[in-house]
Amino acid sequence: MSSSHTIPKNYDFREVEERWQRTWRDEDNYFDPDSKKPRFIIDTPPPYPTGNFHIGNALNWCYIDFIARYKRMRGYNVMFPQGWDCHGLPTEVKVEEIHGITKNDVPREEFRRLCRELTHENIAKMRTTLRRCGFSTDWSHEYITMLPEYFGKTQLSFLRMLEKDYIYQSEHPVNFCTRCETAIAFAEVNHEARETKLNFFDFDGLEIATTRPELLAACVAVAVNPDDERYTDLVGKSLTVPLFGHEVSVIKDGDVDPSFGSGAVMICTFGDKQDVHWWKKYGLPLRKAIDRKGRMTALCDKYEGMTAEECRAAILADMEKDGILKRQETIEQRVGTCWRCKTPIEILSERQWFVRIKPEKILEAAREVHWYPEHMLMRLENWVEQMEWDWCISRQRIFATPIPVWFCAQCGEMVLPDEADLPIDPTVDRPKHPCPNCGSEEFVGEDDVLDTWMDSSISVLNLTGWDGSGTPAIFPAQLRPQGHDIIRTWAFYTILRSVALTGQRPWDGILVNGMVLGEDGYKMSKSRNNIIPPETVLDKYGADAFRQWGAMGSATGQDIMFNWKDVVAASRFQTKMWNIIRFVLTQIEREPVDEAAEVTELLDRWLLVKLSQTAAEVTNAFETYQFDQGLKAIRDFTRNILADDYIELVKGRLYSDAPERASACRALTITVDALCRMIAPYTPHFAEECWSQFMEGSVLKQPWVDFAVDDPEAERIGAHVVALTAELRRYKHDAGLALNAPFGKVNIYAPERIDDSGDVARALNATVAWKTGEPKLEKSVAGVAFNMAVVGPTLRKQAKAFMQAVEALPPEAIVTPPATVSIDDEEVSVPEDAFTPKFAFSVEGEEVEVLDFDEVTVTLRRD
RNA sequence: GGGCUUGUGGUCUAGUCGGUUAUGACGUCGCCCUUACACGGCGAAGAUCUCCGGUUCGAACCCGGACAGGCCCA
């Protein structure tokens with residue numbers, strides 16, 4: 001116990017949080033590789049370093065921090081790393097914007113340098129926010145994917161998967177953004193609704209409807225539904241493509257929707273995924289009409305060099321001129337767009353690198369992982385089961401991990417670097433050996449780079465120390481926390497890579513959190529102007545209040561609406577608890593407290609029972625990642641049990657000089673100690689500050705509450721006393737009396753002897769006499785109360801009739817139930833505890849009021 | 001079009017292996033500045049638990065359907 005001191009009247013979160021953040025040392029949060037403690041490795045998401053830590057990230061980090069702090073207190077060796085997923089288009093675009101250049105204006109390496117520079121600045125800003133939130137990050141396990149030590153591992157993983165035939169290159173249709181000039185994966189394609197024109201035109205005598213006339217030059221077939229009687233004669237015939245003149249044949253396929261457009265569809269390479277499907281199925285020729293920059297190719301004759309949009313207008317104009325354009329309809333269409341720049345994607349056939357997808361193996365591993373909440377697994381299953389193409393991992397960009405491959409300029413042989421030399425940049429570095437096939441020393445470096453997910457999908461391998469020589473000793477990790485928006489990307493790719501490189505699942509569990517919506521209920525976005533940066537909340541109410549909001553906003557896994565009210569409520573709870581701390585402190589400092597004092601009095605024992613139940617509830621909540629329930633249990637206990645019930649009842653005893661006050665002081669000390677520990681994962685600064693008023697050292701380094709009190713007698717009788725007091729106070733209130741007004745004489749008749757140490761009398765400002773047995777009152781039975789939990793299951797269909805029969809019984813029979821009652825001439829036995837009588841009281845002589853409360857009868861005479 | 005998910009007082013929300021009076025917060029109203037706290041205390045009002053049907057003695061909860069919202073995807 002610390003010596004007597006003054007505790008500030010108000011809790012100043014600004015001063016307190018800043019002070020503790022200065023006091024804590026990073027080393028305390030380091031994962032210890034030599035430790036004998038059980039491990040708890042968290043595969044934290046590496047955010048994209050935009051410079052702003054989004055409130056959605058912050059929610060995710062709150063969860064992670066709750067877990068990390070809880071697990072440390074439980075004696076685990078916790079790894080809570082911080083990664084940064086640096087590569088990718090957004091930074092390239094930002095650099096182009098800042099410096100007023102395009103990526104081709106400066107040498108490749110210079111452009112990369114500018115990207116790295118910006119990224120470092122952004123990371124620095126975001127680190128500040130992380131620290132302000134009070135996250136217990138393990139800064140010794142920070143990783144930055146753009147640094148050689150990380151992307152060298154990305155390259156190593158690439159080579160390993162290439163060896164295992166998981167990676168191959170091939171020409172295949174891919175999603176391509178012509179603005180970014182790069183291939184992208186399906187996961188990066190968004191779908192947007194747009195209005196467009198459906199154009200009906202004469203195709204060599206057949207009416208065809210298309211939304212993409214600019215692809216006419218790429219037309220390779222016309223398809224109709226086999227059951228469509230309009231076109232049965234045409235199948236197998238050949239038609240001449242208007243404006244271009246090449247011949248295509250008419251095929252039949254059940255996928256053609258006869259009710260859409262004219263029922264005849266032209267297949268082009270490639271208008272959409274369906275075209276790719278048919279193209280493969282029927283082995284159709286390939287006609288490339290659009291190039292990587294979105295310009296029409298030489299195949300398009302006079303339209304060559306136009307953009308797709310210009311070409312569309314030109315072709316429609318020409319059709320009109322030739323009189324073959326019949327009509328146009330406006331329709332709503334869903335178009336795939338680039339996730340980053342919103343440009344409609346094209347499907348181009350390109351030589352690209354792919355990762356083979358082996359659905360069964362991925363699903364097998366995914367099912368070994370424990371999913372919280374469980375149903376999120378289904379999202380992954382649905383995604384995996386409907387995948388049609390392999391994962392396209394090559395990108396035609398600059399700021400990314402280079403694909404570590406050269407090709408022999410003479411014979412085309414693929415040449416790989418020595419693993420010891422990684423990382424390499426094949427556009428700068430040269431192979432150390434001549435071509436093993438032809439001996440040539442002329443090489444062409446691969447200038448494609450890797451999809452950013454190739455970096456981030458080995459985060460857990462990196463953390464566990466994977467070096468290509470097998471499965472790391474501390475693999476798999478214990479937990480992956482992430483949002484449900486990236487299940488089909490980050491979670492999916494990580495499982496895929498883990499299976500490919502180690503043959504195992506990457507983690508024991510995955511905790512999927514919801515999205516943070518704005519106060520208006522919509523996803524936060526610039527256009528809606530509903531973005532709230534975490535810093536705004538930190539400035540106004542502090543990190544601990546923000547963290548409480550994160551815990552309480554909604555059940556884990558559900559989307560959570562940002563809500564200032566909840567933040568305010570959180571900060572008020574801190575004020576409330578702070579005042580409790582002040583109260584307890586003044587009481588225990590009044591006289592030196594004997595640490596060995598025993599908790600002897602009824603209500604003190606009752607408090608400890610409730611505390612013990614709360615501790616069990618909070619522990620269970622942490623174990624199942626139900627952070628809202630844990631904090632709710634703490635708040636309920638603190639406000640209702642501790643403040644409103646207990647302290648109000650024992651105040652009088654504490655103010656007195658009664659020897660029994662030592663028992664209350666002891667109970668309060670134990671309670672405050674446990675509360676500080678339990679709330680520490682949620683509000684570390686606040687918990688430290690409270691703890692430091694009483695105890696030495698840091699609460700964060702204390703073991704988790706290990707507190708179980710089993711005292712059924714105190715629990716039962718204490719509950720009676722508390723409820724009884726509440727009833728009597730309500731009575732006082734209803735009678736228009738102040739709660740501390742003198743109240744006269746109260747006789748309480750309970751079935752057993754109760755010793756409340758005089759607490760009730762002091763709380764009510766009354767003379768209280770506890771008695772056993774029944775008061776000498778005249779009472780009459782006024783009704784009956786049924787215990788449905790007994791009546792229902794026992795009597796089932798007869799329940800209703802039974803209740804009617806009981807109600808019809810004479811009063812004595814309700815007080816002393818008969819063995820049976822008759823229902824429809826049948827004798828039905830009366831189950832135990834099926835009902836209790838409701839009494840009405842009448843008193844002769846002295847005028848006393850009677851309160852009937854459970855098994856307890858109270859008579860009172862007001863002064 | 002498909003998958004997942006949600007629908008509870010004015011607002012947001014808890015809850016449900018089916019059981020008497022449905023949780024809490026904010027808001028509203030009334031009383032109270034009681035030696036921790038007015039950022040407080042005590043109390044009140046306010047919900048046919050989205051709708052329809054089914055199972056059941058009994059449904060907010062289980063089943064079927066409808067409607068509406070959200071997310072992900074085609």
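For the numbers below, each heavy atom of this structure counts, side chains included, while hydrogens, waters and symmetry mates do not. Throughout, a chain's letter reflects where its sequence line sits, starting with A, and its residues are numbered from 1.
Closest approach to the A643(A) side chain among rA36(B), rC4(B), rG41(B) is made by rA36(B) (side chain taken as heavy atoms from C-beta onward). With rC4(B), rA36(B), rC39(B) as the candidates, the nucleotide lying closest to the side chain of T575(A) is rC39(B). The side chain of H484(A) sits closest to rC71(B) out of rC71(B), rA36(B), rA25(B). You'll find that the side chain of K632(A) is closest to rU23(B), out of rC39(B), rG70(B), rU23(B). Distances from the side chain of N382(A) to the nucleotides rC12(B), rA36(B), rG3(B) place rG3(B) closest. Distances from the side chain of M378(A) to the nucleotides rC4(B), rG15(B), rA36(B) place rC4(B) closest. Of the listed nucleotides (rC4(B), rA25(B), rC12(B)), rC12(B) has the atom at the smallest distance from the side chain of N563(A). Here the nucleotide nearest the side chain of R572(A), chosen from rG41(B), rC39(B), rU35(B), is rC39(B).
Between D636(A) and E648(A), the residue anchored closer to the 5' end of RNA chain B is D636(A), taking for each the nucleotide with the nearest heavy atom. Each of K651(A) and R379(A) has a nearest nucleotide on RNA chain B; the 5'-most of these lies closest to K651(A).
The nearest whole Å value for the distance from the CD1 atom in I641(A) to the C1' atom in rG41(B) is 17 Å. Rounded to an integer number of Å, the gap from CH2 of W371(A) to C1' of rC4(B) is 13 Å. Put simply, CH2 on W490(A) is 18 Å from P on rC72(B), counting in whole angstrom units. As rounded to whole Å, 16 Å separates atom C1' of rC39(B) from atom NZ of K565(A). In this structure, W383(A) places its CH2 atom 12 Å from P of rC72(B), rounding to the nearest Å. Rounded to an integer number of Å, the gap from N513(A) CG to rG70(B) P is 20 Å. If you take CZ of F637(A) and P of rU23(B), they are 22 Å apart, rounded to a whole angstrom.
The residues D657(A) and R590(A) are annotated as salt-bridged, a charged nitrogen and a carboxylate oxygen being separated by less than 4.0 angstrom. Remark: R653(A) engages D604(A) in a salt bridge, criterion side-chain N to carboxylate O under 4.0 Å.
With hydrogens and angles left out, the side-chain atoms of Y682(A) and D544(A) include no donor and acceptor closer than 3.5 Å. No side-chain donor from either of R379(A) and N382(A) sits under 3.5 Å from a side-chain acceptor of the other.
Aromatic stacking of F583(A) on rC37(B): not satisfied for centres closer than 5.5 Å together with planes under 30 degrees.
Using the six-membered ring where Trp is involved, Y625(A) and Y372(A) have ring planes that are perpendicular, over 60° apart on the 30 and 60° scheme.
Annotation for E385(A): atom CD counts as buried by contact number, over 12 foreign heavy atoms lying within 6.0 Å.
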Show each protein N/O and nucleotides 28-30 of chain B N/O combination with a separation under 3.5 Å, one pair to a line.
unit_1  : atom_1 : unit_2  : atom_2 : d
rG30(B) : N2     : H733(A) : NE2    : 2.9

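Residues Q693(A) and V672(A) form no side-chain contact, since every pair of their non-hydrogen atoms from C-beta on lies 4.5 Å or further apart.
Nucleic acid contact for N10(A): none, since no nucleic acid atom lies under 4.0 Å from a heavy atom of the residue. Counting non-hydrogen atoms under 4.0 angstrom, F802(A) reaches nothing in the nucleic acid. Using a 4.0 Å heavy-atom distance criterion, I647(A) is classed as a base contact.
Considering W383(A), W453(A), Y493(A), F492(A) in turn, Y493(A) is the only one that fulfils the ring-ring contact (aromatic ring centres under 6.0 Å, His included) rule with W391(A).
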